[in-house]
Colleague: 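What follows is a single structure, and I will ask about it in a moment.
On a predicted model such as this, the values are computed, not experimentally measured, just so you know. The first residue in the sequence is number 1, and the count goes up from there.
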Amino acid sequence: MSFFSEHLLLIVYFILLNHNFVNGGRTEWTIEKTASFWKEHGRLSIEEALKRRENTKIAKNVILFLGDGMGMSTVTAGRIRKGQLRGELGEDFITEMEQFAHLGLAKTYNIDHQTPDSAATATAYLCGIKAQLGTLGLDGRAKRANCSSSHGTHITSILNWAQQLGNKVGIVTTARITHATPAAAYAHAPERNWEGYDTQFFGDNEVRQGCLDIAHQLVLHSPPIDIVFGGGRRFFFPNTTRDIENSTLFNSRADNKSLIDEYWRGHFIWNKTEMNKIDLGSSTPILGLFDRDHLQYESDRIEKGKDEPSLSEMTSFAIEHFSKTNQGFFLLIEGGKIDHGHHETRPRYALDEFVEFDTTIGKAIQLLKEKGIFNDTLLVATADHSHVFTFGAYSSRGSNILGLSSLERYNVSDIDKLPINIIAYGNGPNFQAPRNATYLYSLDTNSTRYLAPTALPMKSETHGGEDVPVYAQGPWSHLFIGTMEQSTIAHKMAYAACWGDYINRDGCPSKPATPSISNVICSKSSFILTEILILFFYYIYFCAHVTK
């Protein structure tokens, strides 16, 4: 490329960058070779940071986007995957969540475990209390799977705090609606596996001790949750009945109860067609159970053409629905199957779920802007925990993130002279994967069935214990910076919205803001000026009458 062409590209790039048309998305990296490119890039980055201002408005709405299992390595690899799906190199791509104004890190440990699970972490970021592994909506005194230990330990969540002030509330997930993340918003259980009365995990013994299964708690929740979208139909119907969608499969409840028929007082839907028929803005609660178990992976959902909504479609419905009212709202949006893909060590599944999760965030932002409520909405995107998922191997720029490393100088291992996988896991089911040319060259690493290699043997890959990112945008998003305990996320969201313990903080409607020193000075100055003007007019009046 000529000197003139190179600098012309630079000029065009920075004109676009200054107009916020591009922040990444390159298809080749020639432009990056010059020092002037990176100097200007650095200058513009500083300018962008200097433009940020603290937003201290009260958040009318709060949306928490929870990427289950979305550690930093997943965010980075997912960023590359999303960029490459658009025909770009990928590394310089910028996701929707990465464009949020503020970023912090959350410590994910449970009070009894170094590496956490999704139940106790959900209790932390939804209820503001750290607890023991496997427990939901309970403080740290509750012991896992021990019903009697849970009595007197119930705690409330930000969903409850929002409802107490008349706000709309909703939960949207690609997992079972009784699974750990969504359950912590409404349920109290010392065992996350007590999803339904199935006798395998929950039965007569737990009932006699005064506990209820999670599905039962959902339908009894008062007031009802306005929107509940996810999977897990089988825990709501008797095991003597067949699934409404697949008649070859039976449901799971062993107590002969149909929770929908006996307790639910609202709409019940089980497919996307029915969802699209709902009158937006109606006050009737909606329970959408779109699969017998977890929802399909996004890749499979598209391939199979099921009448099952995507995460972005469910989220768009919820925002459209709530925006028809003039009430504030809280939404929990979970990309639950990022976690599932990692547990199976299937990176294509995990990263494509991340892509759909990030796309959902983008569509939510677009809708909020169209409805004129973006600036009144606090957005938080974070994860419950990480995974032992990694990528590297000195792969060249633009290498297929799902593939084998291709280096400029070395394209094989310097030990066995065979190709190196870019993605690997610290543990999982593909332990001691073959290292021979026939096997490696037969792999289709782009397939959803492909298992990445692992270092240590486990039937299911485990969570990771490192901190997870917290991205925030909107009112009081500047609270979400630095390294924080995961439990503070609930408190910060509540503070921004004047919910829960923060209903009477300074600046909330129930307690007018304490005037600042400058306001006091201005007020006193105005008072003095008014007094002077009154005296002046009295003087004029007095002089006029004396003259007469």
Side-chain angles (χ1 to χ4, degrees), residues 17-20 23 42-66 75 94-107 124-126 128 158 161-162 165 167 319 328-333 361-362 364-383 467-523:
L17 189 61
N18 272 313
H19 287 82
N20 295 318
N23 285 304
R43 184 186 69 79
L44 292 172
S45 177
I46 292 170
E47 282 190 4
E48 186 177 342
L50 291 173
K51 289 177 185 176
R52 293 177 186 163
R53 295 291 180 269
E54 291 184 354
N55 180 347
T56 56
K57 295 174 61 177
I58 296 171
K60 182 178 180 180
N61 316 302
V62 177
I63 303 179
L64 175 59
F65 298 96
L66 195 286
V75 173
I94 299 179
T95 63
E96 299 288 348
M97 67 185 78
E98 289 173 311
Q99 296 176 57
F100 284 11
H102 295 95
L103 167 65
L105 292 171
K107 300 178 182 180
Y125 59 74
L126 290 172
I158 190 168
W161 310 336
L165 296 177
N167 297 286
I319 294 173
F329 61 81
F330 169 76
L331 269 175
L332 169 62
I333 312 293
I361 294 174
I365 291 170
Q366 180 183 347
L367 262 179
L368 293 169
K369 288 180 177 178
E370 289 174 4
K371 305 298 179 185
I373 55 177
F374 177 71
N375 292 326
D376 298 318
T377 305
L378 171 63
L379 306 175
V380 179
T382 187
D467 299 349
V468 295
V470 186
Y471 301 97
Q473 173 73 42
W476 294 96
S477 62
H478 55 283
L479 295 178
F480 297 86
I481 59 173
T483 301
M484 66 194 83
E485 292 288 358
Q486 192 171 45
S487 54
T488 64
I489 293 173
H491 294 275
K492 291 171 181 178
M493 291 189 296
Y495 185 94
C498 296
W499 296 343
D501 290 344
Y502 304 94
I503 188 172
N504 291 318
R505 73 163 174 84
D506 286 350
C508 292
S510 58
K511 184 176 182 181
T514 303
S516 65
I517 293 175
S518 59
N519 287 337
V520 171
I521 292 172
C522 289
S523 298

Colleague: How are the rings of Tyr471 and Phe100 set relative to one another: parallel (under 30°), tilted (30 to 60°) or perpendicular (over 60°)?
Modeller: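 Perpendicular: the ring planes of Tyr471 and Phe100 meet at over 60°.
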
Colleague: Only one of Val380, Ile333, Leu332 forms a side-chain contact (heavy atoms from CB on, under 4.5 Å) with Ile63, so which one is it?
Modeller: Ile333

Colleague: With a 4.5 Å limit on heavy-atom distance, are the side chains of Tyr502 and His491 in contact?
Modeller: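 Yes; the side chains approach each other to less than 4.5 Å.
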
Colleague: Please examine the side chains of Ile503 and Cys508, heavy atoms only from C-beta on, and report whether any two atoms are closer than 4.5 Å.
Modeller: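 In short, these two side chains do not touch, never coming nearer than 4.5 Å.
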
Colleague: Is there any salt bridge (charged side-chain N to carboxylate O under 4.0 Å, His left out) pair reaching into residues 479-488, and which pairs are they, with sequence neighbours excluded?
Modeller: Lys130-Glu485

Colleague: Going by salt bridge (charged side-chain N to carboxylate O under 4.0 Å, His left out), name the residues that satisfy it together with Glu98, two or more places apart in sequence or in a different chain.
Modeller: Arg79

Colleague: When you look at Asn167 and Phe330, which way does the side-chain contact (heavy atoms from CB on, under 4.5 Å) test go after all the steps?
Modeller: CA-CA 7 Å; Asn167 297 286; Phe330 169 76; over 6 Å; no

Colleague: Taking it one step at a time, do Asn61 and Leu378 satisfy side-chain contact (heavy atoms from CB on, under 4.5 Å)?
Modeller: CA-CA 6 Å; Asn61 316 302; Leu378 171 63; over 6 Å; no

Colleague: Return each pair, listed once, that meets salt bridge (charged side-chain N to carboxylate O under 4.0 Å, His left out) where at least one residue sits in residues 368-377; pairs must be two or more places apart or across chains.
Modeller: Lys57-Asp376, Glu320-Lys371

Colleague: Measuring only between side-chain heavy atoms, which start at C-beta, is Lys60 closer than 4.5 Å to Ile373?
Modeller: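 They are not in contact (no side-chain heavy atoms under 4.5 Å apart), so the answer is no.
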
Colleague: If you apply the rule side-chain contact (heavy atoms from CB on, under 4.5 Å), what do you find for Glu48 with Leu44, and how did you get there?
Modeller: CA-CA 6 Å; Glu48 186 177 342; Leu44 292 172; over 6 Å; no

Colleague: Is a salt bridge present between Arg43 and Glu47, judged by a nitrogen-to-oxygen distance below 4.0 Å?
Modeller: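 Yes.
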
Colleague: Can you list the steps and then say if Met493 with Tyr125 is a side-chain contact (heavy atoms from CB on, under 4.5 Å)?
Modeller: CA-CA 9 Å; Met493 291 189 296; Tyr125 59 74; 5.8 Å; no

